[in-house]
Amino acid sequence: MTKENGESCLGEDFSFSKHARLLNSAAFKKVLRKGRRFGRNPFFVLYWHAHGLPESRLGVTVSRKVGSAVIRNRVKRAIREFFRTHRHRFKQDGDCVIIARPRAGQVTSAQLRSQLDRVLAKNMSAT
RNA sequence: AGAGUGGAUCUGGCUGUCGCUGGUUUUCCGUAGUGGGAAACGGGAGGAAAGUCCGGGCUCCGCGAAAAGGUGCCGGGUAACGCCCGGCGGGGGCAACCCUAGGGACAGUGCCACAGAGAGCAAACCGCCGAACGGGAUUUUAACUAAUCUUUCGGUAAGGGUGAAAGGGUGCGGUAAGAGCGCACCGCGUUGCUGGUAACAGUAGCGGCAAGGUAAACCCCACCUGGAGCAAGACCAAAUAGGGAAACACCGCUUUAGCGGGCGUUUUCGGGUAGGUUGCUUGAGACACUUGGCAACAGGUGUACUAGAUGAAUGACAGCUGCCUGAAGCUUUGAAAAGAGCCAAGGAACAGAACCCGGCUUAUUGAUCCACUCUCCGU
RNA sequence: CGGGGCGUGGCGCAGCCAGGUAGCGCACUAGCAUGGGGUGCUAGGGGUCGGAAGUUCGAAUCUUCUCGCCCCGA
């Protein structure tokens, strides 16, 4: 745990194991109720809740309104890939929940990544 | 060469970097035990994984019948089926071939709107024909002579008209006019014979139109089905609240023993939520060869083990290269029409396992192979 | 993943089981009553019943397939 933690602080580790994910319904509810909405655009809504642990975690919600099972899988993979590669830009001591809105199912993966980049650049500096 | 029919298979490949997930091996940390981390190796979506329309396995509940529901030409296959195969009947196509919920309407009940004279033990509106005689009208005649119309009674299902459907069709005879009234052929029903396991087909005799449609209306007949579903079920088991039992302390009754109460404290028990483990992937299986069978399929031998996630993995990026379309231009064959090659650029669908099988249905890109039919040309 | 329900004018609903005329309320248009508006009265327009096949003489209704929406089971 301690070794891996030191690497992640340097921003060189691109792994994304189970420790970095929200794994049950209670964790999601905690972030959505007690956390704060810090970013929003027509494709996503982002929530943040500080938990005190040294490692940041991610939860992704894609409802059935986004599209079929193939489209939902594509959106989830794009969001997780972005979190994995841009993890150093997120704050390290909290949980993040990204909810995809219905328009996210109508664009390509590259467009999803650029939209996430814009919403993160705009809102992380403000916080 | 063109047009078409049926069936089968596949759903691009290779390399690199960064990731996810389960398995095996090694190793590190920690523990009474369960465990946590790292590295290496080799696995990781489909023909429909979909819709959930059927049939099963598996699990729990129930176990007497009935009700309710389903299936429906015949024979076979199958664990079973509403599926598949082979036949029969009907319909379509020049043909290869395709489509077909296809039992029963003399067991019973219901419905057939509108239109039409009549619509379910049928019916006479216009017609056609005959008779009655008397009255009237018109024409005609030497003459109430003849004809037509009108009235009444009767015959008729040929023709018209209505309708989805009007109680067989065509032809000849027959008749006052007509009619299965008679005859021939077709159709229908029925009895036999022949072929076939059967559905049914063929054929002979008889009957004489008696028997309209609708059962995806109720229904009858034959056969089948208990209900729910892996979020089934089994096991482990926090925090909080609540329940049972015991002990201590307290209160009431009582001389004590003891009995009762329930505020409190401690211990303990079982149920059970979050959560976890299991069910969970080796199977009525797949592939190859072979035997039987027209076939579906069945038997035998051999080979390999081939996804198991659970806020839910199977991905992202880059390069090279096959496949398809291919503007303009260039090269080339050719008299021309047109064809071939190079090439920018673009395209590659439908879609994501959730306990597992067998089917059906629906969505869909491109390619390859096999068999067959028709038309044209050449030999 | 599994189990149920609903699609009918602009909106909310009948009609479907038992097949032949698509109707009700609000809304819309026009006229009348009023000095004008509201209100009231009269008249009218607008849907082939989510889509496609089939059964039937005939389908919103019966059967099959399909599309969309909603609800329930942690």
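Side chains included, hydrogens not; waters and symmetry mates left out as well; all remaining heavy atoms used.
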**Prompt:** Once you round it to whole Å, what is the distance between C1' of B/A274 and NZ of A/Lys30?
**Reply:** 15 Å
**Message:** Side chain of A/Thr61 only, heavy atoms from C-beta on: which candidate in B/G352, B/G311, B/A312 is closest?
**Reply:** B/G311
**Item:** Whole-Å distance separating the CZ atom of A/Phe82 from the C1' atom of B/G19
**Value:** 16 Å
**Asked** Which nucleotide, in any strand shown, forms a Watson-Crick or G-U wobble pair with B/U148, with both distances under 3.5 Å?
**Response** B/A137
**Prompt:** If we take the P atom in both B/C63 and B/G299, what is their distance in whole Å?
**Reply:** 39 Å
**Prompt:** Less than 4.5 Å apart, any side-chain heavy atom of A/Leu22 and any of A/Leu58?
**Reply:** no
**Asked** When you compare C/G3 with B/C356, how far apart are their P atoms, in angstrom units rounded to a whole number?
**Response** 15 Å
**Request:** Report the glycosidic orientation of B/U306: syn if within 90° of 0, anti in every other case.
**Result:** syn
**Request:** Find the partner of B/A49: check Watson-Crick (N1-N3 plus N6-O4 or O6-N4) and G-U wobble (N1-O2, O6-N3) distances, both under 3.5 Å, and reply none if neither fits.
**Result:** none
**Request:** Just label B/A210 as syn or anti from its O4'-C1'-N9-C4 or O4'-C1'-N1-C2 angle, using within 90° of 0 for syn.
**Result:** syn
**Message:** Is the shortest side-chain heavy-atom distance between A/Leu112 and A/Ile79 below 4.5 Å?
**Reply:** no
**Request:** Using the C1' atoms only, state how far B/G72 lies from B/A119, rounded to an integer number of Å.
**Result:** 32 Å
**Asked** Does a side-chain N-to-carboxylate-O contact under 4.0 Å join A/Arg89 and A/Asp117?
**Response** yes
**Request:** Please state how far atom CZ in A/Arg74 lies from atom P in B/C317, giving the value in whole angstrom units.
**Result:** 11 Å
**Prompt:** A/Arg113 near the nucleic acid: base, sugar-phosphate alone, or nothing, with a heavy-atom cut-off under 4.0 Å?
**Reply:** sugar-phosphate
**First of A/Ser68 and A/Gly59 reached from the 5' end of RNA chain B, by closest nucleotide** = A/Gly59
**Prompt:** Given the C1' atoms of B/C355 and B/G233, what is the spacing between them in whole Å?
**Reply:** 12 Å
**Message:** Is the shortest side-chain heavy-atom distance between A/Asn73 and A/Arg77 below 4.5 Å?
**Reply:** yes
**Nucleotide nearest A/Asn73 when distance is taken to its side chain, options B/G311, B/A351, B/A45** = B/A45
**Prompt:** To the nearest angstrom, how far is A/Phe83 atom CZ from B/C20 atom P?
**Reply:** 13 Å
**Prompt:** Is B/U156 paired to anything, Watson-Crick or G-U wobble with both distances less than 3.5 Å, and if yes, which nucleotide?
**Reply:** B/G127
Just the atom pairs and distances: protein N or O near nucleotides 15-18 of chain B's N or O, under 3.5 Å.
| residue | atom | partner | partner atom | Å |
| --- | --- | --- | --- | --- |
| B/C18 | O2' | A/Arg84 | NH1 | 2.9 |
| B/C18 | O2 | A/Arg84 | NH2 | 3.4 |

**Message:** From C-beta outward on A/Arg21, which listed nucleotide comes closest to its side chain: B/G352, B/G311, B/C20?
**Reply:** B/C20
**Value in whole Å for how far the C1' atom of B/A274 lies from NZ of A/Lys29** = 11 Å
**Request:** Report the nucleotide, chosen from B/A312, B/G311, B/G352, that has the shortest atom-to-atom distance to any side-chain atom of A/Phe28.
**Result:** B/G311
**Prompt:** Is there a Watson-Crick or G-U wobble partner for B/C305 with both distances under 3.5 Å, and which nucleotide is it?
**Reply:** none
**Complementary nucleotide for B/G69 - Watson-Crick or wobble, under 3.5 Å** = B/C224
**Request:** Looking at every strand, decide which applies to A/Arg80 at a 4.0 Å heavy-atom threshold: base, sugar-phosphate, or nothing.
**Result:** sugar-phosphate
**Item:** Rounded distance (Å) that lies between atom P of B/G311 and atom CZ of A/Arg77
**Value:** 16 Å
**Fill in**
Stems for RNA chain C (at least 3 consecutive Watson-Crick or G-U pairs, under 3.5 Å) come to C:1-7 with C:67-73, C:10-13 with C:23-26, C:28-33 with C:39-44, C:50-54 with C:62-66
**Asked** Taking C-beta and beyond as the side chain, do A/Arg64 and A/Arg72 meet within less than 4.5 Å on heavy atoms?
**Response** yes
**Fill in**
Separation between CG (A/Asp95) and NE2 (A/His49), nearest 0.5 Å, reads 7.5 Å
**Item:** Other residues, nucleotides, ligands: >12 heavy atoms within 6.0 Å of A/Lys30 NZ
**Value:** no
**Item:** Gap in Å between the two P atoms, one belonging to B/C297 and one to B/G358, rounded
**Value:** 12 Å
**Asked** Is the NZ or CZ atom of A/Arg101 both under 6.0 Å from the centre of the six-membered ring of A/Phe43 and within 45° of that ring's axis?
**Response** no
**Whole-Å C1' distance, C/C1 and B/U52** = 11 Å
**Request:** Specify the separation, in whole Å, of atom CG of A/Leu116 and atom C1' of B/A316.
**Result:** 14 Å
**Atom P, compared across B/C224 and B/C74: separation rounded to whole Å** = 15 Å
**Asked** Between the main-chain N or O of A/Ser56 and the side-chain N or O of A/Arg87, is there a donor-acceptor pair closer than 3.5 Å?
**Response** yes
**Prompt:** Which base, if any, makes a Watson-Crick or G-U wobble pair with B/G311, both distances under 3.5 Å?
**Reply:** none
**Asked** Taking the six-membered ring for Trp, is the centroid-to-centroid distance between A/Tyr47 and A/Phe38 below 6.0 Å?
**Response** no
**Asked** Using atom P of each nucleotide, how far apart are B/G180 and B/G208 to the nearest Å?
**Response** 16 Å
**Request:** Please tell me if the side chains of A/Phe44 and A/Ile99 come closer than 4.5 Å, counting only heavy atoms from C-beta onward.
**Result:** no
**Prompt:** Can you list the steps and then say if A/Thr108 with A/Gln111 is a side chain to side chain donor-acceptor pair (under 3.5 Å)?
**Reply:** CA-CA 5 Å; A/Thr108 64; A/Gln111 284 175 295; 3.2 Å; yes
**Message:** Using whole Å, what does the distance between atom P of nucleotide B/U310 and atom CZ of A/Arg72 come to?
**Reply:** 18 Å
**Item:** Any-strand Watson-Crick or G-U partner of B/G207, both distances under 3.5 Å
**Value:** B/C188
**Base-pairing assignment for B/U281 (Watson-Crick or G-U wobble, both under 3.5 Å)** = none
